[in-house]
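Contents: one structure, followed by commentary.
The basis for the numbers below is simple: all heavy atoms, side chains too, and nothing from hydrogens, waters or symmetry mates. Residue numbers begin at 1 in each chain, while the letters A, B, ... track the order of the sequences.
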There are 2 protein chains.
Amino acid sequence: MTTTEAELTISAVAEATGLSVHTLRYYERAGLMLTPVQRASSSHRRYSSRDVAWMVFLGRLRSTGMPIRAIEQYVQLVRRGDSTVLERLQLLVEHREQVRRDLAEIQASLAAIDHKINSYSEVLGIPADGTTPREGTVTC
Amino acid sequence: MTTTEAELTISAVAEATGLSVHTLRYYERAGLMLTPVQRASSSHRRYSSRDVAWMVFLGRLRSTGMPIRAIEQYVQLVRRGDSTVLERLQLLVEHREQVRRDLAEIQASLAAIDHKINSYSEVLGIPADGTTPREGTVTC
DNA sequence: GCTTGACTTCGAGCGCACTCGAAGTCGTAA
DNA sequence: TTACGACTTCGAGTGCGCTCGAAGTCAAGC
């Protein structure tokens, strides 16, 4: 395994990852590829399976709110080689803590929204919950 | 309960809600108050407890990613009175579905991050999980 | 040979949600 | 009376992450 890899076009990678072709090019321009994307003779991009795996994980980092800048840091560590494994681990653990905090806040907010929905349901006489209907209007 | 209410300054509301004073004024300018905020003789804002409760819920909607535009719609429904309760309910239920989808994606991404962290931990010989250490380097 | 369509680069534009700053107005305390 | 600090308005600026568009290249099929 050196150069011969499964090669995918940018549109295939877009389909596989759920990212747009624009976004894939943007990420590359932003320096977020671990290694340069190979090119066909036509200068079209050819993504290896490793590239695709990385784009998938990159998407995971993004969907949990890691800024592009932070991902850039991570990429630079990967490129510096095995000696940075501990640093990378620390970065990920730190991010995971942030994600857990975000998750907790969203869940708390979801509970508040649930509560409001229940209030409205009661007023409308639609007991979606096991609660007793009440009189009066909903606050807001 | 008509005019006499607990009255708070903007900075007190900022502290109570975790929103900045800038953000509170911005929301008001954006038309997100249910009713006009009362003013002291000095023209300083005086928030009623109902205002504060609404800002808290507004913060919940924002922290779950509801766009300002959508909140604006909701506010307009509230102002139109009791006849819009069903519409409001539908709006909230729709938003809740979106939040649940977002939550599921974040959780899936968190699992992927967990997995990567475990891989790194194994390589470093730090079995954070109940898994056996392995040889070779981490992919990325 | 000509069209079609998928790609290329690169700069510019966009949408969103704040965030800031300047200039002015109060009310209280020294 | 003078200073201070918390407020006011309103326009402009910021940061982020895409997203778009124009102009060009290339390979395959008719």
Side-chain angles (χ1 to χ4, degrees), chain A residues 7-33 36-48 51-52 55-75 95 98-99 102 105-106 109, chain B residues 7-33 36-48 51-52 55-75 95 98-99 102 105-106 109:
Chain A
E7 290 182 338
L8 290 179
T9 64
I10 194 165
S11 58
V13 176
E15 181 136 4
T17 59
L19 303 167
S20 75
V21 294
H22 286 299
T23 300
L24 289 170
R25 292 197 199 99
Y26 168 73
Y27 285 168
E28 186 178 337
R29 260 203 285 182
L32 303 187
M33 301 308 294
V37 179
Q38 296 301 310
R39 300 302 179 115
S41 60
S42 57
S43 85
H44 290 194
R45 288 171 180 79
R46 289 292 178 270
Y47 290 81
S48 70
D51 290 330
V52 177
M55 293 320 288
V56 169
F57 188 62
L58 175 38
R60 293 306 199 181
L61 293 178
R62 283 295 307 123
S63 73
T64 49
M66 184 181 277
I68 300 286
R69 293 285 180 88
I71 299 176
E72 213 182 329
Q73 300 297 309
Y74 182 82
V75 167
H95 177 57
Q98 185 57 56
V99 175
D102 294 347
E105 176 165 10
I106 294 172
S109 294
Chain B
E7 291 181 337
L8 291 178
T9 64
I10 195 166
S11 58
V13 176
E15 182 137 3
T17 60
L19 302 166
S20 75
V21 292
H22 286 299
T23 301
L24 288 170
R25 291 197 200 100
Y26 167 72
Y27 286 168
E28 187 178 337
R29 261 204 284 182
L32 303 188
M33 299 309 294
V37 180
Q38 297 302 308
R39 301 301 179 115
S41 59
S42 57
S43 85
H44 290 193
R45 289 171 179 81
R46 289 291 178 270
Y47 291 81
S48 70
D51 290 330
V52 176
M55 294 320 288
V56 169
F57 187 63
L58 173 38
R60 294 305 199 183
L61 293 177
R62 283 295 307 123
S63 74
T64 50
M66 183 181 278
I68 299 288
R69 293 284 180 88
I71 299 176
E72 213 182 330
Q73 301 296 309
Y74 182 81
V75 167
H95 177 57
Q98 185 57 56
V99 176
D102 293 347
E105 176 165 10
I106 294 171
S109 294

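Rounded to whole angstrom, the span from the CD atom of B:Glu7 across to the P atom of D:dC7 amounts to 14 Å. In this structure, A:Tyr47 atom OH and C:dT8 atom P are separated by 7 Å, rounded to whole Å. The distance between atom CD1 of B:Ile10 and atom P of D:dT8, rounded to the nearest whole Å, is 5 Å. What separates CD of B:Glu15 from C1' of D:dA6 is a distance of 14 Å, to the nearest Å.
Side chains of A:His44 and A:Thr9: no donor on one and acceptor on the other come within 3.5 Å.
Residue B:Ser11 places at least one side-chain N or O closer than 4.0 Å to OP1 or OP2 of D:dC7. Side-chain N/O atoms of A:Ser42 include none lying less than 4.0 angstrom from OP1 or OP2 on D:dA28. Contact annotation: B:Arg45 side-chain N/O to D:dT8 OP1/OP2 distance is under 4.0 Å.
Across all strands shown, B:Arg39 has heavy atoms under 4.0 Å from sugar-phosphate atoms exclusively, and none from any base.
With respect to B:Met33, the side-chain contact (heavy atoms from CB on, under 4.5 Å) criterion is satisfied by exactly one of B:Val75, B:Leu58, B:Leu24, B:Asp51: B:Asp51.
Each of B:Ser41 and A:Ala12 was assigned the nucleotide of DNA chain C with the nearest heavy atom; the assignment lying further toward the 5' end belongs to A:Ala12.
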Detail all sub-3.5 Å separations between protein N/O atoms and N/O atoms belonging to nucleotides 18-22 of chain C.
residue	atom	partner	partner atom	Å
C:dC18	OP2	B:Tyr27	OH	2.8
C:dC18	OP2	B:Arg62	NE	2.8
C:dC18	OP2	B:Arg62	NH2	3.4

